[in-house]
There are 2 protein chains.
Amino acid sequence: MTHPIGTGEAGEARVRVLLADDEHLIRGALAALLSYEDDILVVAEAASGPEALAMARAHRPDVAVLDLEMPGADGVAVATSLRAELPGCRTMIVTGHGRPGHLKRALTAGVRGFVPKTVSAQRLAEIIRTVHAGGRYVDPELAADAISAGDPPLTVREAEVLDLAADGAPIAEIARRAALSQGTVRNYLSSAATKLSAENRHEAARIARERGWV
Amino acid sequence: MTHPIGTGEAGEARVRVLLADDEHLIRGALAALLSYEDDILVVAEAASGPEALAMARAHRPDVAVLDLEMPGADGVAVATSLRAELPGCRTMIVTGHGRPGHLKRALTAGVRGFVPKTVSAQRLAEIIRTVHAGGRYVDPELAADAISAGDPPLTVREAEVLDLAADGAPIAEIARRAALSQGTVRNYLSSAATKLSAENRHEAARIARERGWV
DNA sequence: GGCGCTTCATGACATTCGTCATCAATGCCG
DNA sequence: CGGCATTGATGACGAATGTCATGAAGCGCC
């Protein structure tokens with residue numbers, strides 16, 4: 001499932017990259033494109049969060065390029081673990097549909113690059129170099145979205161309850177799962193819905209998910 | 001935003017392919033990988049549904065490889081239009097997270113290939129050849145899911161109303177947008193929820209979306 | 001201790017929602 | 001023409017939900 005790509009490590013120092021994406025098509029294609037760059041070497045690939053961690057431990061890459069959506073553990077979770085285990089390894093996130101909240105989570109986790117999949121491979125290579133050199137890069141559009149979205153106005157409990165409400169369960173079910181009384185749950189949901197200018201808890205849950213607040 | 005790739009049309013007949021995917025990174029990478037195949041020529045690329053249609057009209061490809069999720073019009077919608085406008089053009093869908101209902105919709109639209117993005121580029125090339133030769137290919141796992149999920153038990157109107165309910169809007173809002181009375185909307189939603197074994201319309205909407213029935 | 005804040009709970013009330021029975025208009029088909 | 005299914009509507013009733021006022025318990029802090 002994983003294999004190194006490239007002609008081998010030349011005398012000069014190349015950027016050693018780990019690629020993690022559950023979509024084989026994209027991962028393979030990306031590896032091929034990056035292999036065109038003389039100063040970049042893809043040393044490992046992974047198709048899931050846990051696998052990405054294992055590969056990183058084994059190959060100690062300079063930069064880990066992580067997809068946000070992966071089975072097992074998402075890109076941000078992997079980045080958090082990597083930060084603790086391999087402080088020398090820079091991390092960056094690549095995502096299809098980036099939500100503002102994810103960006104904030106990612107930056108908190110020490111991620112140094114955050115790019116949508118709409119960029120070109122050329123651009124991605126440049127960003128990998130930037131990140132490797134200790135710089136940071138955040139897609140301007142995503143950054144603007146994050147700024148305009150602002151901080152999550154929800155308290156911890158509100159977010160918690162809202163998360164449980166996300167799948168459309170009735171109040172009784174939510175109260176059971178949260179070990180709270182139904183009245184309390186309704187209060188939290190009501191307050192959350194007010195803060196999010198939503199008509200009801202379902203719309204509130206949707207908004208919170210869109211913003212990446214849950 | 002779009003450009004043909006390849007060394008040019010040689011004397012022999014190569015499969016002329018249109019690539020449509022809104023993620024530039026993937027589209028470009030895919031084009032590069034497919035260019036390795038001697039018998040495949042990527043003649044056009046598109047980043048949205050409408051653009052895919054325009055490119056198809058202009059370049060008349062043999063096979064259109066369409067991403068399911070695209071702005072403007074999704075892959076299946078594009079396939080439907082192509083079937084009418086360019087009957088000689090075979091269509092296939094590539095998708096990240098394939099839901100059972102999408103497969104059925106796609107097959108109904110005359111799509112001849114349905115593959116997840118977890119396949120390798122090699123495999124994709126083979127499937128493109130298969131489709132070009134008049135064959136069909138459906139990912140076995142997706143097919144199994146589709147069969148186990150069964151037919152959408154919803155009537156057209158039920159699905160329509162459920163779709164409008166998907167964002168958590170209150171009944172009044174749904175009724176307004178559907179130009180129906182509130183009572184009627186509630187009847188449809190109630191019936192849909194019953195059929196889907198859901199506690200309420202929100203859960204029903206979630207289930208229908210998961211199954212690809214909306 | 002007194003103060004303020006958060007968390008959690010209760011009860012009351014109006015509104016919305018889910019469910020059901022019923023019915024009218026339309027269109028298809030034998 | 002006479003059934004018959006589909007679509008859309010109405011009204012009623014109970015349950016679920018949103019909203020608000022109120023208060024108790026826990027906790028940090030001066």
Side-chain angles (χ1 to χ4, degrees), chain A residues 101 104-105 108 149-214, chain B residues 101 104-105 108-109 150-214:
Chain A
K104 173 154 294 205
R105 269 207 312 144
T108 307
D151 281 338
L154 305 175
T155 69
V156 178
R157 290 304 133 90
E158 282 166 357
E160 226 174 281
V161 176
L162 203 53
D163 186 33
L164 290 173
D167 60 353
I171 296 261
E173 175 73 9
I174 300 171
R176 205 179 50 71
R177 284 196 274 184
L180 289 176
S181 90
Q182 300 196 11
T184 304
V185 168
R186 280 196 283 173
N187 284 340
Y188 282 140
L189 289 176
S190 176
S191 134
T194 303
K195 287 178 180 174
L196 269 47
S197 313
E199 294 281 349
N200 52 49
R201 65 201 160 93
H202 305 286
E203 197 184 344
R206 189 180 53 79
I207 292 173
R209 219 173 324 114
E210 268 176 15
R211 303 261 224 279
W213 289 341
V214 289
Chain B
K104 172 153 296 205
R105 269 206 312 142
T108 307
D151 280 338
L154 305 175
T155 69
V156 178
R157 290 306 133 91
E158 282 165 358
E160 225 174 281
V161 176
L162 204 52
D163 187 33
L164 290 173
D167 61 353
I171 296 262
E173 174 74 9
I174 300 171
R176 205 179 50 72
R177 285 196 274 185
L180 290 175
S181 89
Q182 300 195 10
T184 305
V185 169
R186 282 197 284 174
N187 285 339
Y188 283 137
L189 289 176
S190 176
S191 136
T194 303
K195 286 178 180 174
L196 268 47
S197 313
E199 293 281 348
N200 51 50
R201 65 204 160 92
H202 305 287
E203 197 183 345
R206 190 180 53 80
I207 293 173
R209 218 173 326 116
E210 269 177 16
R211 303 260 224 279
W213 289 340
V214 290

**OP:** Rounded to the nearest 0.5 Å, what's the gap from CD on B:Glu199 to CD1 on B:Ile207? Could you check?
**Re:** 9.5 Å
Subject >> Short side-chain N/O contact from A:Arg201 to OP1 or OP2 of D:dT17, under 4.0 Å >> reply: yes
Original post:
Between atom CG in B:Asn200 and atom C1' in D:dT17, what is the gap in whole Å?
Top reply: 11 Å
Original post:
In the 5'-to-3' direction, what one-character label does each nucleotide of nucleotides 19-26 of chain C receive under the scheme B = base within less than 4.0 Å of a protein heavy atom, S = sugar-phosphate only, - = no such atom?
Top reply: BB------
**OP:** Please state how far atom CD1 in A:Ile174 lies from atom P in C:dC8, giving the value in whole angstrom units.
**Re:** 15 Å
Original post:
Between A:Val161, A:Ile171, A:Leu180, which is the residue that forms a side-chain contact (heavy atoms from CB on, under 4.5 Å) with A:Arg186?
Top reply: A:Ile171
Original post:
Looking only at heavy atoms, what is the nearest atom pair of B:Gly168 and A:Glu203, with distance?
Top reply: O-CB, 3.9 Å
Original post:
Quick one: A:Ile171 CD1 to C:dG18 C1', roughly how many Å, whole number?
Top reply: 15 Å
Original post:
In this structure, which one of B:Glu160, B:Glu158, B:Arg201 forms a side-chain contact (heavy atoms from CB on, under 4.5 Å) with B:Tyr188?
Top reply: B:Glu158
**OP:** Output yes when at least one side-chain N/O atom of A:Thr155 is less than 4.0 Å from OP1 or OP2 of C:dT6, else no.
**Re:** no
**OP:** State, to 0.1 Å, how close A:Ala192 and A:Leu162 come at their nearest heavy-atom pair, and which atoms those are.
**Re:** CB-CD2, 4.3 Å
**OP:** Take atom CD of B:Glu158 and atom C1' of D:dA5, then tell me their distance rounded to the nearest Å.
**Re:** 14 Å
Original post:
Rounded to the nearest 0.5 Å, how far apart are CZ of B:Arg177 and CG of B:Asp163?
Top reply: 9.0 Å
Subject >> Qualifying residue, where the test is side-chain contact (heavy atoms from CB on, under 4.5 Å) with A:Leu189 and the options are A:Ile174, A:Thr184, A:Leu164, A:Asn200 >> reply: A:Ile174
Subject >> Separation of D:dT17 C1' from A:Glu203 CD (nearest whole Å) >> reply: 15 Å
Subject >> Heavy-atom donor-acceptor pair, A:Ser191 side chain to A:Asn187 backbone, under 3.5 Å >> reply: no
Original post:
Between CG of A:Leu196 and CD of A:Glu210, what distance do you get to the nearest 0.5 Å?
Top reply: 10.0 Å
Subject >> Within residues 161-170 of chain A: residues closer than 4.0 Å to DNA chain C (heavy atoms) >> reply: none
**OP:** Round to the nearest Å and state the distance from B:Gln182 atom CD to D:dG8 atom C1'.
**Re:** 14 Å
Original post:
Any side-chain N or O of A:Tyr188 under 4.0 Å from OP1/OP2 of C:dT7?
Top reply: no
Original post:
How close or far is atom P of C:dC5 from atom CZ of A:Arg157, stated in whole angstroms?
Top reply: 19 Å
